[in-house]
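Working notes for the structure below.
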Amino acid sequence: MRLVTYRATVESEGRLGVLVDNLVIDVAKLGARAGGVLPHRMLDFIDLGPVALTELATLLDEAKGRWPVDGAPPLANVRLLAPIPRPRKNIFGIGLNYIDHVAESAAALDTSPDLPKQPVIFSKPPTSVIGPDEPVLHDAKITKQLDWEVELAAVIGVTAKRVNREGALAHVFGYTVCLDMSARDNRRAGQWIYSKGQDSYAPMGPCIVTADEIPDPQVLDLWLSVNGVEKQRSNTSHMLFKVDELIADISQGITLEPGDIIATGTPEGVGAGRSPQEFLWPGDLIEAEVVGIGRLRHPVVAG
């Protein structure tokens, strides 16, 4: 399933929907019509665990296109928000997780040229999240080195505490696309949160594809372009630490809870790694995709 958070009007709140063809089926309204109760928020739905996905699949099958009259707007008529507009906790970011990106970072950003022996973990606060088509803010008083990174993000569905790698993927609810925007000149004494955690620095969406549709997250193509010019193209098979390894590693010391998000790192091709270096400025347009999940499009604006 492809789950979204959508807004039908400018004034309305975000609601949980499931994409069926070119329609957005309102999950709560679908449940209510069948005499049941399903949440209208993504996090509440994830909290219910696998039983919620089973119930939703059954309702979709039973409806067979007979959707609620007021609960199946065309996708073109709604605004998609970030699938989880306000995560409960910081996003777990993974640095230096593609081999070629380790090399370009060492040359441009003074990081170690040696491959990390353990995942490099940082975080991005909930306030950094924006949804599809929302602007990425460029504050020239703060940064003159705003950079791009396209990433696969895993959304946790079942609590993971000290899990092993073999069972780690069973804790994943689904996958989405995340951009790890980075102000390269805002790193402070080796700490990355201010560089990567500013407002609008975590574009996310357009949907969450449930894990049953992506049994192997290590076979996905991903790419990013700026103003129509391709800058990044790779495949998640090139991750240094795979998704199951990341979940197992983090969960040894930090309990991963339903709704937690892990942005799994970016491949080579970032602006800081180019010669000469390239950075984003107001007026630029970023487009990025993880094939099989969806595409993001974000203008850069002064702010």
Side-chain angles (χ1 to χ4, degrees), residues 1-8 12-19 24-32 36-57 59-60 71 78-93 123-132 134 151-161 163 168-180 197 199-214 217 243 246-247 250-251 254-264 290 293-294 296:
M1 280 181 278
R2 308 175 77 85
L3 298 170
V4 299
T5 296
Y6 78 99
R7 182 177 289 156
S12 62
E13 65 175 340
R15 295 183 62 85
L16 173 62
V18 57
L19 297 181
V24 180
I25 311 305
D26 189 286
V27 170
K29 292 179 180 179
L30 181 65
V37 178
L38 284 174
H40 70 276
R41 293 188 180 91
M42 184 76 75
L43 282 174
D44 294 336
F45 185 80
I46 295 173
D47 284 343
L48 292 177
V51 65
L53 284 172
T54 300
E55 182 177 352
L56 178 54
L59 291 176
L60 291 170
V78 306
R79 177 183 173 186
L80 294 185
L81 309 180
I84 301 176
R86 179 72 182 225
R88 296 188 182 111
K89 292 155 58 176
N90 282 20
I91 296 166
F92 293 91
S123 74
K124 300 168 81 79
T127 46
S128 64
V129 173
I130 59 173
E134 290 190 62
E151 309 200 359
L152 171 71
V155 181
I156 298 298
V158 179
T159 298
K161 183 178 178 66
V163 301
L169 291 185
H171 295 263
V172 175
F173 175 79
Y175 300 92
T176 190
V177 186
C178 182
L179 300 186
D180 176 16
D199 294 353
S200 80
Y201 277 22
M204 193 173 298
C207 64
I208 294 175
V209 177
T210 52
D212 59 296
E213 295 197 9
I214 304 179
V243 175
L246 296 174
I247 293 170
I250 294 171
S251 74
I254 301 173
T255 299
L256 292 169
E257 299 175 310
D260 284 353
I261 301 164
I262 303 173
T264 59
V290 177
I293 296 178
L296 291 175

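Here the structure is a predicted model, which is why all the values come from computation and not from measurement.
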Report task. Using modelled atom types only, decide if a donor and an acceptor are shared between the side chain of Ser251 and the backbone of Lys161 within a distance under 3.5 Å. Result -> no

Report summary line: The residue among Leu3, Val24, Ile25 that forms side-chain contact (heavy atoms from CB on, under 4.5 Å) with Leu19 is Val24

Query raised in the report: Ignoring hydrogens and geometry, is there a side-chain-to-backbone donor-acceptor pair from Arg7 to Gly14 under 3.5 Å?
Result: no

Query raised in the report: Among all residues two or more places apart in sequence or in another chain, which pass the salt bridge (Lys or Arg N to Asp or Glu O under 4.0 Å) test with Asp260?
Result: Lys89

Report task. Using salt bridge (Lys or Arg N to Asp or Glu O under 4.0 Å) as the criterion, list what pairs up with Arg2, not counting sequence neighbours. Result -> none

Query raised in the report: Of all residues at least two apart in sequence or in a different chain, which pass the side-chain contact (heavy atoms from CB on, under 4.5 Å) check with Pro39?
Result: Asp44, Phe45, Leu48

Query raised in the report: What do the steps show when you test Ile46 against Ile84 for side chain to side chain contact (heavy atoms under 4.5 Å, CB included), and what is the final call?
Result: CA-CA 10 Å; Ile46 295 173; Ile84 301 176; 4.1 Å; yes

Requested in this report: Identify the heavy atoms of Pro85 and Thr5 that sit nearest to each other, and give their distance.
Outcome: CG-CG2, 3.8 Å

Requested in this report: Could you list the residues that satisfy side-chain hydrogen bond (donor to acceptor under 3.5 Å, both in side chains) with Asp26, not counting sequence neighbours?
Outcome: Tyr6, Arg15

Let me check something: any side-chain donor-acceptor pairs from residues 205-213 under 3.5 Å, sequence neighbours excluded? List them with distances.
unit_1	atom_1	unit_2	atom_2	d
Thr210	OG1	Met1	N	2.8
Thr210	OG1	Met1	O	3.3
Thr210	OG1	Asp212	OD1	2.6
Glu213	OE2	Met1	N	2.4

Query raised in the report: Which heavy atom in Val78 sits nearest to a heavy atom in Ala8, and how many Å separate them?
Result: CG1-CA, 4.4 Å

Report task. Test Leu38 against Leu16 for side chain to side chain contact (heavy atoms under 4.5 Å, CB included), laying out the working first. Result -> CA-CA 10 Å; Leu38 284 174; Leu16 173 62; over 6 Å; no

Query - Contacts of Arg88 that satisfy side-chain hydrogen bond (donor to acceptor under 3.5 Å, both in side chains) - sequence neighbours left out - result: Asp47

Query raised in the report: From Tyr201 OH over to Leu179 CG, what is the distance, rounded to the nearest 0.5 angstrom?
Result: 13.0 Å

Requested in this report: Sequence neighbours left out, what pairs pass side chain to side chain donor-acceptor pair (under 3.5 Å) with at least one residue falling in residues 168-178?
Outcome: none

Requested in this report: Working to the nearest 0.5 Å, report the span between CE of Met204 and CG of Asp180.
Outcome: 10.0 Å

Query - Contacts of type side-chain hydrogen bond (donor to acceptor under 3.5 Å, both in side chains), residue Ser123, not counting sequence neighbours - result: Asn90

Requested in this report: Determine the minimum heavy-atom distance between Ser128 and Pro125, stating which atoms define it.
Outcome: OG-O, 2.6 Å

Report task. Using side-chain contact (heavy atoms from CB on, under 4.5 Å) as the criterion, list what pairs up with Thr264, not counting sequence neighbours. Result -> Leu152, Met239, Val243, Leu246, Ile262

Report task. Go through the steps for Val129 and Ile261 under the test side chain to side chain contact (heavy atoms under 4.5 Å, CB included), then give the verdict. Result -> CA-CA 11 Å; Val129 173; Ile261 301 164; 5.9 Å; no

Query raised in the report: Sequence neighbours excluded, which residues qualify as salt bridge (Lys or Arg N to Asp or Glu O under 4.0 Å) partners of Arg86?
Result: none

Requested in this report: Any chance you could measure Leu256, atom CG, to Ile156, atom CD1, to the nearest 0.5 Å?
Outcome: 5.0 Å

**Report entry** With sequence neighbours excluded, residues passing side-chain hydrogen bond (donor to acceptor under 3.5 Å, both in side chains) with Thr127
**Finding:** none

Query raised in the report: Please walk me through it: do Leu59 and Val27 pass side chain to side chain contact (heavy atoms under 4.5 Å, CB included)?
Result: CA-CA 9 Å; Leu59 291 176; Val27 170; over 6 Å; no

